[in-house]
Amino acid sequence: MSGATCLTLVANTVEDAVVPVIMPFVQQNIQSDNWRNREAATMAFSSILEGPSGDVIGPFVNQAIPVLLNALSDQNDLVKDTTAWTLGRICDLHVRAIPEDTFPTLVNGLAAKLLTETPRVSSQACFGIHNLAAAFQNDSAAQQSGTNALSNYMATLLQTLLQVVDREDATESNLRIGAFEAISVLIQNAAPDCLPVLMQLLPAIVDRLAQSFSMPTLTNEDKEQKEGVQGLLCGLIQVIAIKTTKEEIAPFCDGIMTNFLQVLQTKNATCHEEALSATSAIATILEGDFLKYMAALQPFLMAGLRNFEAYQVCTVAVGLVGDISRAIEGKLQPFCDEIMSALIEALQNAALHRSVKPPVLSCFGDIAMAIGAAYEPYLQLSLMMLLQAAQTRAPEDDEELIDYVNVLREGILEGYTGIIQGLKDGQRIELIVPYVEAIMGFLEMLAGDRKNDYDNEVLSKAVGLIGDIASSLGATIKNQIGQPYVMQLLKEGHDTQDATIMETSNWAISVVQQVLTM
């Protein structure tokens, strides 16, 4: 294995130059009578797939596919294992080099190894199917035509992979996890014509989740496996939900949410993370109809927001608050006292992982936009938190901290923007006036101190905030909005050549000009 790792590093370093050196060995030995030679040649070929360009390695990939598919039935398990791994790598790195007429044979060849082989070989077959499905990500042609090359195999692959999950030896070689991940990617990249298959799959997945609660747990290992399956099933429900409409998924939501709430009663952070994340998808789809689940969800949401030790759970819970805010809007107000209290606690907790704080600051804006004028009781404290965070700076030689400060600033800008828009919509924009000077001071700092903003995310949000301030407060802030640093930020936004940022900048410029002529 160390030799393969070394060869992989060489291939990544010398790129195309490695191909004429290694391929003679591969071609000479890949069909050798000696299984060790066959395995070594296959491993060598797999090791040089990353590095060389598609133009150079592609023809060899094309030629190798039939040989590798045949080798999936090799008498030696190690050869089959390495072959399945290599096919998975090809699907990941050089899927376009796979001949179109070979695609059915490849899919069927990998699928045939899911149930009959050792866990190690079947796990590699899951890896291959996973990568093959991932190749259809962002497939615009499928959206236009309504189908893709996976559609004919979708039902069979999903059914077979669910059987893999149930194998008695599925705990070996990460087989069960590999099967779940392959199912997830197949669902995510399913073409529109596969929706009926997914809608048939959904109740089966929900039923599996319901049945999982009665699984016996005699040992800690049993408990971990049970909770691991529950988390993975929540993930599958989430990816299916994202592919559906409100009308399609609504009949299943009572059952789904009942099961999610039961998952949240476990003491497993990963389960909580998956269940809360999946709940976000349901809230986004149901919009206002999600309100009926809020009373039952609230205790678990609060536990997630206060789970400072498992900070990933806290982060997902904060994201869920944002999604619920957008979904039920003003109907969130009765739950806000507890939610805002937990968010403030998170910011005040010095031990909490710093990555949670930017989304918390942004969440203030989500809540304000949802409840409008009813945000007034939380305004002073949340703005104080935003103003404190705005003072954070990073040393010039600490790249990691600079990147974090940029993410923090994005959260601050989103928080300010949401609060201003919410107060404007609630016709209480005058409440922000005492804080305008401090907000403008933050923008002035950004004009002179913005490092590593390579994607112009901070700039984009700063320009948007300027436009919102100008359009909301008008002549009230005429003196502040005409300052040179404001014009500098607007010009920088216009000069990015990024269509989205330029559009925001042009809008902000026009609003600022209107204010200046008042």
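Heavy-atom basis, side chains included; hydrogens, waters and symmetry copies ignored.
Scanning both residues, Asn307 and Cys314, for their nearest heavy atoms gives O-CB, 3.6 Å. In terms of heavy-atom proximity, Leu413 sits nearest to Thr417 at O-OG1, 2.8 Å. When all heavy atoms are compared, the tightest approach of Ile205 to Leu236 is CD1-CD1, 3.8 Å. Across all non-hydrogen atoms, the minimal contact from Ile367 to Cys336 is CG2-SG, 3.9 Å.
Counting heavy atoms of neighbouring residues, nucleotides and ligands inside a 6.0 Å radius, atom NZ of Lys491 does not exceed 12 of them. Applying the 6.0 Å contact sphere to CD of Gln163 captures more than 12 heavy atoms from other residues, nucleotides or ligands. Under a cut-off of 6.0 angstrom, the local environment of CD in Gln483 is crowded, with over 12 non-hydrogen atoms contributed by other residues, nucleotides or ligands. Around the NZ atom of Lys331, the shell of radius 6.0 Å holds no more than 12 heavy atoms that belong to other residues, nucleotides or ligands. Heavy atoms of other residues, nucleotides or ligands lying less than 6.0 angstrom from CD of Glu430 number more than 12. Within 6.0 Å of atom CD in Gln380, 12 or fewer heavy atoms from other residues, nucleotides or ligands are found, so the atom counts as exposed in its surroundings.
Between Glu248 and Thr245, the side chains place a donor N or O and an acceptor N or O closer than 3.5 Å (distance only, hydrogens not considered). One side chain, Asp468 or Gln421, offers a donor N or O that lies under 3.5 Å from an acceptor on the other. For the residue pair Glu227 / Thr270, no side-chain donor-acceptor distance below 3.5 Å is found, with atom types taken as modelled. When only modelled atom types and interatomic distance are considered, Asp193 and Thr147 share a side-chain donor-acceptor pair under 3.5 Å. Using modelled atom types and a 3.5 Å distance limit, the side chains of Tyr375 and Ser382 yield a donor-acceptor pair. Glu437 and Gln480 share no side-chain donor-acceptor pair at under 3.5 Å.
The shortest side-chain heavy-atom distance between Asp166 and Arg208 falls under the 4.5 Å cut-off. Looking at heavy atoms from C-beta onward, Ser471 lies in side-chain contact with Trp507 at the 4.5 angstrom threshold. Within the 4.5 Å cutoff, the side chain of Leu162 has heavy atoms near those of the Leu201 side chain. Under the 4.5 Å side-chain criterion, counting only non-hydrogen atoms from C-beta, Ser212 is in contact with Met215. Within the 4.5 Å cutoff, the side chain of Val486 has heavy atoms near those of the Met440 side chain.
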**Study point:** Audit row: Ser184, Gln188, side-chain hydrogen bond (donor to acceptor under 3.5 Å, both in side chains) steps and yes/no
**Key:** CA-CA 6 Å; Ser184 179; Gln188 289 175 55; 2.9 Å; yes

**Study point:** Intermediate values then yes/no, side chain to side chain contact (heavy atoms under 4.5 Å, CB included), Leu186 and Leu161
**Key:** CA-CA 10 Å; Leu186 281 166; Leu161 286 163; 3.5 Å; yes

Review point. Can you check salt bridge (Lys or Arg N to Asp or Glu O under 4.0 Å) on Asp289 and Lys246, steps first, answer last?
Key: CA-CA 10 Å; Asp289 290 343; Lys246 180 178 178 179; 3.0 Å; yes

Practice item. Give the intermediate values and the outcome of side-chain hydrogen bond (donor to acceptor under 3.5 Å, both in side chains) for residues Thr496 and Asn456. Key: CA-CA 8 Å; Thr496 58; Asn456 292 312; 5.1 Å; no

Practice item. Report the C-alpha separation of Thr279 and Tyr293 in whole Å, then their side-chain angles, then the decisive distance to 0.1 Å, and conclude whether the side-chain hydrogen bond (donor to acceptor under 3.5 Å, both in side chains) test is met. Key: CA-CA 10 Å; Thr279 301; Tyr293 304 116; over 6 Å; no

**Study point:** CA sep, side-chain torsions, deciding dist, call: Glu345, Lys357, salt bridge (Lys or Arg N to Asp or Glu O under 4.0 Å)
**Key:** CA-CA 11 Å; Glu345 285 177 35; Lys357 299 190 176 183; over 6 Å; no

Exercise for review: Might you work through the salt bridge (Lys or Arg N to Asp or Glu O under 4.0 Å) test for Asp323 and Arg326, ending with a clear yes or no?
Suggested key: CA-CA 5 Å; Asp323 288 329; Arg326 287 182 285 274; 2.9 Å; yes

Exercise for review: Take Tyr378 and Asp337, measure what side-chain hydrogen bond (donor to acceptor under 3.5 Å, both in side chains) needs, and give me the verdict at the end.
Suggested key: CA-CA 9 Å; Tyr378 319 114; Asp337 281 356; 2.5 Å; yes

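At least one donor-acceptor pair under 3.5 Å links the side chain of His272 to the backbone N or O of Leu264. Looking only at distances, a side-chain donor or acceptor of Thr284 sits under 3.5 Å from a matching main-chain atom of Ser280. Side-chain N or O atoms of Thr476 include one that pairs as donor or acceptor with a backbone N or O of Leu473 at under 3.5 Å. Using modelled atom types, no side-chain atom of Arg428 and backbone atom of Leu423 make a donor-acceptor pair closer than 3.5 Å. Formation of a donor-acceptor pair under 3.5 Å by the Lys226 side chain with backbone atoms of Phe213 is found in this model. No donor-acceptor distance shorter than 3.5 angstrom exists from the side chain of Asp449 to the backbone of Met445, with no hydrogens or angles considered. Side-chain N or O atoms of Asp398 include none that pairs as donor or acceptor with a backbone N or O of Ala394 at under 3.5 Å.
The aromatic rings of Tyr311 and His353 sit parallel to each other, their planes meeting at less than 30°, with 60° as the upper class boundary.
Between atom CD of residue Gln488 and atom CD of residue Glu444 there is a gap of 9.5 Å, rounded to the nearest 0.5 Å. Separation of atoms CG (Leu202) and CD1 (Ile187) is listed at 9.0 Å; rounding is to 0.5 Å. We find the NZ-CZ distance between Lys461 and Arg409 to be 14.0 Å, quoted to the nearest 0.5 Å. In this structure, Leu286 CG and Ile324 CD1 are separated by 11.0 Å, a value rounded to the nearest 0.5 Å. Distance NZ/Lys267 to NZ/Lys223: 8.5 Å, rounded to 0.5 Å. Glu274 contributes atom CD, which lies 7.0 Å from atom SG of Cys234 (distance to the nearest 0.5 angstrom).
Under the side-chain contact (heavy atoms from CB on, under 4.5 Å) rule, Asp139 has a single partner from Asn189, Asn148, Leu150, which is Asn148. Here the rule is side-chain contact (heavy atoms from CB on, under 4.5 Å) with Leu276, and of Val321, Val316, Val318 only Val316 fits it.
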